[in-house]
Every structure is written in C-alpha cells, then in structure tokens.
Amino acid sequence: SSWCRGGCGQMLSRPWPCAPRAWALAAVLASVARLDASGDWTDLLNHGSVQGFPSYDAANELLSGWIQQYPKLIERREIGHSFLERKIYAYILREKSSSDVDCPKVLLTSLMHSREPASLTVTLYFIGHILELHEKGDPEAVYLLSMREVWLVPFVNPDGYIENEHATKKEIRKNRRPTCQRNEKLGGVDLNRNFAYHWQKDFSPCNEEFQGSEPFSEPETQAIKSICEANDFAAAMNFHSYGGMLTYPFNYARFPRLPKEDQSIYTELASVFKWPRIGPAMLTVGYTAPGESDDWMYGERHIIAMSPEVGPENGGFWPPKETIAGIDERNFQRTMHVVGKAGLQLMVSWTIHAAPGSLGALPADAGALPGGAPESVLELSGRNSGLRSSAGQALSVAVAGATTFSSGSPVLSKAALVMLDSAAYSADVVKAASDASGALGPVVTFQMPPMTRRSSHKLPILLGRALEPDEPDGPRQLRVCVFEVYGGSQPSSRAAACHCTEALQSGGAESLATFTLAGADSIAGLLCSVAASTVAPEPPLAAATEVPVAVAASSAAPLQPQGESTELRPSGAARWSIDGAVGPPQLVMLTLVSASAAICMCVVRQVLRMRWRDEVVDENERVPALQVPGSVEDENEAGASSEV
C-alpha cells in the first residue's frame with residue numbers, strides 16, 4: 001500500500017494497511033534478536049519464515065550484518081533493479097588489503113528462478129561460512145579471500161521471491177512483468193531464457209518459459225549482463241534447484257560439443273561434484289534451453305559457467321526445512337573448489353632417474369655443484385589445472401626430502417640447479433626450524449616464473465653429488481610448497497598461504513596441493529615459511545605470458561559455433577582458416593553452398609525440434625524421464641526432476 005510509504009506518522013494514523021509490513025518487520029527483528037542470542041546465523045537459513053527458508057527481508061538483514069561485522073572482507077554494490085524497481089545488489093568478497101592484486105574473479109548467482117530457495121541458502125551459507133573460516137585463520141579461506149574476488153548476487157529475481165513468500169502455492173518462477181492477460185499469476189519472463197545466446201521466440205507470454213520480447217528485455221538480466229561485461233570473470237556458478245546435477249553449455253543444442261580443452265575442465269569439475277548427471281541440459285534434464293545464462297556467459301564472455309541443481313528430488317522446489325542445512329553444507333566445498341580453480345590450481349608429482357635422465361646431457365654448470373655433477377636427476381612435475389595463471393611475478397618453491405645433507409651454514413647457496421625450458425636456475429639448500437613432530441630437514445629452495453593457465457612443467461632438479469643420498473634410488477618422500485610472489489623479488493606478507501602437498505612417493509599419481517599458512521605448527525607450515533622467504537635466483541626471472549580464457553571487457557569476442565555438432569575453437573585460440581589457396585570464384589561458390597546447406601538444416605531442425613518439444617512439453621512444467629545410472633553421493637539428491 002502507498003500508505004506505508006509515508007513513515008511512522010502515517011503508520012500510526014492508518015495502521016491496518018501497514019499491518020503486514022509491520023508484522024514482517026517484527027519477524028525480521030525477532031529473527032535478528034534470536035540470532036544475536038544464539039550466535040548461530042545458520043538458524044536463519046533453515047528455520048526461516050518461508051517454509052523454513054529466510055524471507056527477503058531476513059536475508060538482507062543477514063547480509064547487512066555481515067557487512068558491518070566484516071567491513072574489510074565484504075562490500076555491497078548496486079548493479080541494477082528488478083521490474084518492480086527493487087534494487088539488485090552484488091556482494092563482493094575479497095580482502096581490501098589485497099586490492100592492488102589482479103585476482104581471478106568468480107560470479108555466483110541464485111534465485112534466477114524465484115521458486116528455487118535452496119539456491120539462495122547455498123549462496124548465503126557460502127558467504128557466512130567462508131567469512132567465519134577466514135576469521136578463524138583457515139588456510140583455504142585466508143588464501144581465497146586474498147587471492148580471489150568473488151561476486152555474489154543472491155536475489156536475481158527478488159520480485160518473484162517476495163510474491164512466493166505470501167502465496168499459498170509458491171510456484172512463481174518468472175519475474176513479475178505482466179505478460180498474461182488471462183491469468184496474472186502466469187505472467188512474467190523466464191530470466192533464464194532471456195539471455196542473448198541462441199535466444200528464440202519459442203513460448204507464449206503465459207508459458208513458464210516465456211523468453212521475453214527480445215534478448216535482455218528484462219532489467220534483471222541486464223544487471224547480470226552489465227557486471228559480466230565490466231568484469232573478467234573466470235568462472236560462474238548460477239545456482240538452481242533441484243535434483244543434484246550439474247548443467248553446462250551448450251544448453252540450447254540437442255547435440256552440443258565443446259572445444260577439447262574446455263570439455264576437460266568440465267570433466268575435472270564432474271569428478272569433484274560427484275553427481276551422476278553432468279552435462280548440457282539435453283543430457284541432464286532432457287530438454288533444450290535456448291537463451292540460457294550459462295550459454296551466454298560461456299559463448300559470449302568465455303566464462304566457464306555452470307548451473308548446479310542443488311537439493312533433493314523428493315522435496316521438490318521447497319524441500320523440508322530439516323534438509324536445508326545438508327544442502328548448504330554439501331555444496332560449500334564444491335563452491336570453494338570452483339573459486340580455487342579460477343586461479344592457480346597446483347598438481348604435483350615426481351620421479352627420479354639416473355643422470356642425465358630426460359635432459360639428454362647435463363649442463364656445463366653441473367660440474368661446479370658441491371661434490372661435482374650428480375648421479376641422479378630428481379624430476380618434479382607441476383601442472384596448473386586452474387583457469388588463470390598463478391599470481392604475481394614469480395613462484396617460490398620449497399622442496400623437503402630431496403636431500404639429507406647437513407652443513408654448518410644455515411644456507412648453502414647455489415647447491416643445486418633447476419632446469420626449466422632449457423634455462424638453468426640456481427637453487428639453495430637451507431636449514432629449516434623444527435616443529436613439534438620433529439625436524440623438517442634440509443630444504444631445496446628456488447624461484448621460477450609464473451605458471452600459465454592449464455600449463456604443465458617438468459622441473460629436473462640437479463643436486464651436487466655431495467648432497468645426494470648414499471642410495472639415490474632408495475625410498476624417499478617429497479613435500480612441496482609453492483608461494484605466489486608479489487613485489488619484485490620479495491614475497492608479499494599479505495597472505496602467507498602456500499599451495500602444499502602431502503608426502504609424495506616417487507612415481508606416484510598427481511597430488512592436488514592444499515593450502516597451508518606460513519608459520520603453522522606443522523611440517524607444511526614450516527615448509528611454507530621457507531617458500532615465503534625464498535630470494536630471487538639467478539638468472540633473473542622473465543614474466544610469463546598467456547592468452548587468457550576471458551578477454552578484457554572492451555574487446556571480448558564471442559565463440560562462434562559452426563553448428564551443433566562442430567567442435568568449437570578453444571578460448572583464446574586463433575580462428576579457423578582454410579589451408580591452401582582459395583580464389584574469389586571458389587570462395588563465392590563455397591559461401592553459396594554453405595549458406596544453402598545451413599538454411600536447409602535450420603528449417604529441418606526447427607521443424608523437428610518443435611515437433612519433439614510438443615510431445616514432451618507441458619504447459620506448466622516439464623519433468624524429464626531421463627535416468628542415468630551411477631553412484632550418488634547423497635541419496636537425497638538422486639532424483640530425476642529438475643529445471644534449468
């Protein structure tokens with residue numbers, strides 16, 4: 001009511017029209033009071049006033065509280081508005097002390113479909129839990145909030161969610177634009193069909209998937225578009241519910257194919273999510289989704305975008321409140337993994353060979369090492385499976401277990417050589433302090449150039465003969481810590497967190513490095529301290545170059561699919577060319593033939609597609625009959641019903 005807009009005076013003089021708003025405010029204040037008393041903010045996520053979920057006002061109170069509690073870690077930025085003029089906010093997680101660092105960015109969104117509240121609580125839980133973990137000094141949280149920038153949009157569709165709050169049947173999916181004259185509740189635009197990538201006029205204004213009058217016709221999708229164009233996001237997670245599955249591009253196509261490298265990224269993510277159904281919409285939910293957000297983000301902005309369908313199938317869109325906490329907790333680590341993968345994600349293994357090993361011949365400098373040239377070569381293998389380069393000007397590396405040599409000096413300079421791309425880098429051997437479990441032992445330390453995205457490196461380490469074990473081929477375990485260096489040759493003290501491995505056996509499988517804080521009372525903490533204090537080697541390091549997966553906002557070029565079954569070019573790769581000489585007559589003929597074939601294929605595909613959809617599409621909801629066998633992490637997420 002407009003009577004509620006005049007402040008306290010009008011509320012007192014005309015109380016009845018304002019009663020619903022007053023009651024809602026009282027409920028929010030009561031929730032906040034309970035939160036202060038209990039200290040457990042998670043109660044607000046699973047004991048809220050909307051069938052266990054938090055109301056719009058309660059969620060915003062919680063977010064405002066975090067901004068006040070963690071002003072150096074989270075900020076709020078207005079990015080647009082809804083159809084009913086409600087403000088849409090993005091919340092940015094990042095240590096403000098690291099604002100001078102060019103960090104990889106990740107986007108998380110929820111409630112693009114307003115009847116999917118589990119997407120909201122998963123996002124809110126991620127914010128609250130990572131802030132708490134950072135405050136407690138958790139290494140992963142400390143690293144991610146200093147070396148990543150996470151943008152979160154909890155309410156993409158606030159109007160629809162608020163209408164669902166007060167409805168008996170909470171079925172509103174679309175935004176609240178009035179598009180259906182015969183039934184107001186059936187009006188609105190499906191925001192996840194309104195993006196400008198293979199957008200199609202498939203559905204009528206009253207249909208649940210009505211795509212809008214044109215691409216980006218809605219202010220809500222324009223808000224998401226604007227932040228994607230203004231930021232170089234490496235990855236995006238657009239949360240939906242339900243069914244326990246992961247969809248990714250291309251969702252418009254019945255037979256989609258991705259570039260080999262990008263497909264391998266999604267395959268790697270599948271191994272972490274551990275859901276039985278992962279892939280484009282046709283393979284997961286059983287239908288296509290033109291104009292979908294992931295397709296636009298990936299196809300136009302080169303963002304590795306995905307839509308996790310969270311929540312149990314047996315609870316539908318509004319699952320029982322006792323299941324909410326489990327949904328939030330299970331998806332927290334999945335989200336942390338994607339945020340980490342946006343930058344350096346280090347995989348390490350090692351082997352040992354008789355010299356000269358894979359080098360073919362030892363470098364001339366090897367004879368000057370302590371005790372002379374080595375009898376063996378320790379080959380360290382490092383792979384960056386992340387979506388961006390490592391940060392900073394260099395990587396400081398500390399390796400424990402390579403040598404047991406002990407000298408009177410705390411540092412034995414130039415005691416080893418590290419080979420990289422035909423260049424030799426000098427390495428030192430330093431004594432490390434002891435922890436409660438015993439001495440760390442001598443540590444080989446060196447620096448190397450940054451690792452570019454999706455790159456692999458072989459690092460043969462040549463220890464002087466005097467530093468080699470008596471039995472070079474005998475059993476050894478290596479531990480490796482890597483620190484991303486800022487500020488020239490000296491490491492930053494901003495976030496003394498390293499990528500560290502557990503003890504690795506020679507010839508073993510690759511190990512994903514986890515995070516450790518320098519100075520922690522553990523072997524890994526001591527080794528991280530050594531890595532974080534390593535000085536620059538000789539020769540001087542050169543900055544690494546790379547072709548990023550996403551280009552600057554002013555020059556982004558869309559991926560151009562050549563039909564649904566044609567492999568696309570990888571992000572950043574050169575466009576296709578036709579080898580050999582092709583003159584003007586041949587080029588004209590080739591163009592005419594290609595255009596004719598494309599038109600025929602388009603017509604046939606559209607007819608078949610519409611006939612097929614008519615058979616499986618219900619006016620109000622589409623429930624696929626697709627079952628994919630396989631192990632399921634949680635039996636509550638083993639269902640087949642979902643929507644994209």
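Every value quoted in this text rests on a predicted model; they were computed, and no experiment measured them. Quick note: numbers below take in every heavy atom, side chains included, and nothing from hydrogens, waters or symmetry partners.
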Measuring from atom CG of Leu63 to atom CZ of Phe155, what distance do you get when rounded to the nearest 0.5 angstrom?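 It is 7.5 Å, given to the nearest 0.5 Å.
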Check: [X] ring centroid to [Y] ring centroid under 6.0 Å:
X      : Y      : value
His499 : Tyr143 : yes
Tyr248 : Tyr298 : no
Phe250 : Trp296 : no

Assess, by modelled atom type and distance only, whether the side chains of [X] and [Y] contain a donor and an acceptor separated by less than 3.5 Å.
X      : Y      : value
Glu116 : His240 : yes
Glu95  : Ser146 : no
Arg454 : Ser264 : yes
Asp40  : Thr42  : yes
Thr452 : Arg388 : no
Glu209 : Tyr287 : no

Under 3.5 Å donor-acceptor, [X] side chain and [Y] backbone:
X      : Y      : value
Lys170 : Val50  : no
Glu220 : Phe83  : yes
Ser455 : Met451 : no
Asn194 : Glu214 : yes
Asp295 : His198 : no

Which of parallel (below 30°), tilted (30 to 60°) and perpendicular (above 60°) describes Trp318 and Tyr161?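 Aromatic pair Trp318/Tyr161 classed parallel.
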Parallel, tilted or perpendicular, judged at 30° and 60°: which one describes the rings of Trp41 and Trp66?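 Because their plane-to-plane angle is over 60°, the rings of Trp41 and Trp66 count as perpendicular.
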Using atom types as modelled, flag every donor-acceptor pair under 3.5 Å from a side chain in residues 121-129 to any protein atom, sequence neighbours excluded.
from	atom 1	to	atom 2	distance (Å)
Thr121	OG1	Ala118	O	3.2
Thr121	OG1	Asp328	OD1	2.9
Thr123	OG1	Ser110	OG	3.4
Thr123	OG1	Ser119	O	3.0

